[in-house]
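All remarks here apply to the structure that follows.
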There are 2 protein chains.
Amino acid sequence: MPPNADLEALRKAQIIDAALRTIAERGCANVTMDDICKAAGLSKGGLAHYYRSKDDLFKAAFQEFFQRIFLRGEQTMSTFSDPLDQLLSFEWLYNPEDPDVETGYPILYDFMAIAVHDAEYREIFSDWINSWVRLLKSAIERGQSQGRFTNVKSEPAARAISAIYQGMATRWYLARGEHPAAWAIDSMKRAVIGLLGSFDKSGS
Amino acid sequence: MPPNADLEALRKAQIIDAALRTIAERGCANVTMDDICKAAGLSKGGLAHYYRSKDDLFKAAFQEFFQRIFLRGEQTMSTFSDPLDQLLSFEWLYNPEDPDVETGYPILYDFMAIAVHDAEYREIFSDWINSWVRLLKSAIERGQSQGRFTNVKSEPAARAISAIYQGMATRWYLARGEHPAAWAIDSMKRAVIGLLGSFDKSGS
DNA sequence: ATCTATAAACCGACCAGTCGGTATATAATG
DNA sequence: CATTATATACCGACTGGTCGGTTTATAGAT
């Protein structure tokens with residue numbers, strides 16, 4: 001019905017993109033609507049036409065971000081077939097050349113800091129984690145159907161693995177001097193493999 | 001010379017305390033100097049007498065915070081004697097009743113979000129991590145002198161363990177519904193024990 | 001002509017930092 | 001001891017600027 005539905009989609013994509021770039025570069029707290037307008041090549045009024053408020057825009061931007069990153073992980077994982085290889089396919093998380101990574105952590109850390117004080121943001125975070133967990137869980141279960149990883153329960157183990165990825169990432173991103181990518185990758189693999197081989201099945 | 005050197009220390013402690021409480025409650029982005037003044041029972045001018053700027057105050061508050069938390073961990077760890085017990089002595093990180101914990105994560109996440117865009121903050125973070133690493137490393141090495149943990153190198157393993165703690169904590173704190181304390185503790189232990197038993201010594 | 005898209009100007013709330021001033025405490029002086 | 005001088009501690013009104021949001025104006029499409 002809208003005369004140009006394509007234009008709206010295009011503009012919204014432009015705006016979200018500009019918002020994510022700007023947030024990544026300067027951090028939520030230091031980003032103004034003007035900054036985003038300029039980055040998007042629009043005026044204040046133009047932007048307001050598509051997003052009512054800053055909150056609105058940020059929420060939409062974060063949603064888009066999470067979807068993008070998840071898709072990225074899903075696709076990378078699908079290039080492997082062995083379950084363990086899949087579970088260890090997240091080296092890209094520690095690749096500084098990767099544009100998703102470069103912008104991703106600033107956005108993620110900003111998001112989490114807000115989520116601490118905002119239930120709706122926590123909900124989004126939970127959903128995101130849950131989609132990672134589904135992905136990892138299915139890999140673990142495929143392994144278990146081959147008689148591997150039999151000492152763990154798939155879901156808690158999947159959650160633990162996803163937490164391990166992020167734990168290493170935080171160190172690598174914020175204190176890279178002492179935590180180079182090689183450390184992150186090696187540690188991630190040791191922790192994941194160690195966890196999958198853990199003996200007592202009662203918990204994970 | 002100063003008429004009351006104690007007063008200055010007292011006031012500064014009051015202010016820092018008020019700042020940390022307020023930041024934990026509402027998040028850096030939503031905290032005004034007025035908020036902190038009120039929480040500290042001082043006027044704007046009174047506060048300005050002790051801290052030149054908001055930046056100044058925040059930096060001092062974060063420093064105090066990191067020191068406090070580290071002391072807490074160090075003390076808890078020292079109540080155990082077996083190296084592995086010491087390395088697993090961080091269950092308190094996932095105790096919602098603990099006041100340090102309750103205020104700690106909001107502050108830490110806020111801090112990290114700022115650190116992404118501020119080298120000085122990253123420096124503080126690095127130093128903090130390094131002090132944890134020294135602590136954990138010495139426990140690992142005491143274990144190694146007893147012929148245990150022989151498949152890992154102490155420092156990278158210490159860094160990995162510290163990252164694991166935090167990875168689990170993030171899930172527990174932001175998505176506790178699906179990541180209860182029991183999950184966090186169990187996962188942390190499995191990952192740490194698994195990592196310490198990992199086979200190839202080349203990395204960790 | 002009407003409706004959408006976009007721009008430009010504007011408004012009002014908010015807030016960090018400043019500044020003139022007051023009160024209090026110590027020190028110096030007679 | 002009394003008085004003055006001086007430094008510290010603290011207050012709260014004010015300012016200058018920022019920023020989110022709104023309103024008004026204009027251009028283009030149907």
Side-chain angles (χ1 to χ4, degrees), chain A residues 1-62 110-111 113-114 117-118 120-121, chain B residues 1-62 110-111 113-114 117-118 120-121:
Chain A
M1 226 42 340
N4 34 11
D6 288 350
L7 181 61
E8 179 169 348
L10 174 71
R11 286 279 180 274
K12 283 195 168 184
Q14 263 179 22
I15 294 169
I16 294 288
D17 236 55
L20 288 176
R21 271 202 321 275
T22 315
I23 292 173
E25 192 178 320
R26 313 150 83 129
C28 273
N30 309 313
V31 167
T32 71
M33 290 296 261
D34 269 337
D35 292 335
I36 298 173
C37 293
K38 273 172 203 154
L42 274 179
S43 71
K44 264 185 120 153
L47 200 156
H49 183 68
Y50 295 101
Y51 291 98
R52 249 189 243 119
S53 70
K54 199 184 188 184
D55 262 16
D56 246 31
L57 169 57
F58 274 33
K59 222 164 278 173
F62 282 126
D110 254 333
F111 179 90
I114 299 171
H117 305 282
D118 183 320
E120 198 175 343
Y121 272 54
Chain B
M1 239 358 121
N4 201 344
D6 289 348
L7 181 61
E8 178 169 348
L10 174 72
R11 286 280 180 273
K12 284 195 169 184
Q14 263 178 23
I15 294 169
I16 295 286
D17 238 54
L20 288 177
R21 271 202 321 274
T22 314
I23 292 173
E25 191 177 322
R26 310 147 88 126
C28 273
N30 309 312
V31 167
T32 71
M33 290 297 259
D34 269 335
D35 292 334
I36 298 173
C37 293
K38 273 172 203 156
L42 274 179
S43 70
K44 236 173 142 62
L47 200 155
H49 182 70
Y50 293 101
Y51 291 98
R52 263 197 228 11
S53 70
K54 200 182 187 184
D55 262 16
D56 247 30
L57 170 55
F58 274 33
K59 223 165 278 171
F62 282 126
D110 254 334
F111 180 89
I114 299 171
H117 306 282
D118 183 319
E120 199 176 340
Y121 273 53

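Convention: sequence-line order gives letters A, B, ...; per-chain numbering from 1.
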Readout for nucleotides 13-19 of chain C: B = base within 4.0 Å of protein heavy atom, S = sugar-phosphate only, - = neither; 5' to 3' it is --SBB--
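Of all heavy-atom pairs spanning B/A19 and B/L57, the tightest one is CB-CD1, 4.3 Å. Pairing each heavy atom of B/L47 with each of B/C37, the nearest pair is CD1-SG, 3.7 Å.
Between the CE atom in B/M33 and the OG1 atom in B/T22 there is a gap of 11.5 Å [rounded to 0.5 Å].
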Report the C-alpha distance between B/I23 and B/F111 in whole Å, list the side-chain angles of each, state the deciding distance to 0.1 Å, and finish with yes or no for side chain to side chain contact (heavy atoms under 4.5 Å, CB included). CA-CA 10 Å; B/I23 292 173; B/F111 180 89; over 6 Å; no
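Taking atom OH of B/Y50 as the reference point, atom C1' of D/dC11 lies 13 Å away to the nearest angstrom. Here the P atom of nucleotide D/dA9 and the CD1 atom of B/I15 are 11 Å apart, to the nearest Å. Taking atom NZ of B/K38 as the reference point, atom C1' of D/dC11 lies 14 Å away to the nearest angstrom. A straight line from CG of B/L47 to P of D/dC10 spans 10 Å, rounded to a whole angstrom.
Residue B/H49 has a polar side-chain atom (N or O) positioned under 4.0 Å from OP1 or OP2 of D/dA9.
Proximity of B/D110 to A/H117: side-chain heavy atoms (C-beta onward) are separated by under 4.5 Å at one or more points. B/H49 has its side chain out of reach of B/L42: every pair of non-hydrogen atoms, C-beta onward, lies at least 4.5 Å apart.
Between the B/N30 side chain and the B/R26 main chain, a donor and an acceptor come within less than 3.5 Å of each other. Judged purely by atom type and a 3.5 angstrom limit, A/R11 has no side-chain atom pairing as donor or acceptor with the backbone of A/Y50.
The residue B/Y51 sits apart from the nucleic acid: no heavy atom pair falls under 4.0 Å.
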Would you tabulate the pairs of protein nitrogen or oxygen atoms and nucleotide nitrogen or oxygen atoms of nucleotides 1-3 of chain C closer than 3.5 angstrom?
none

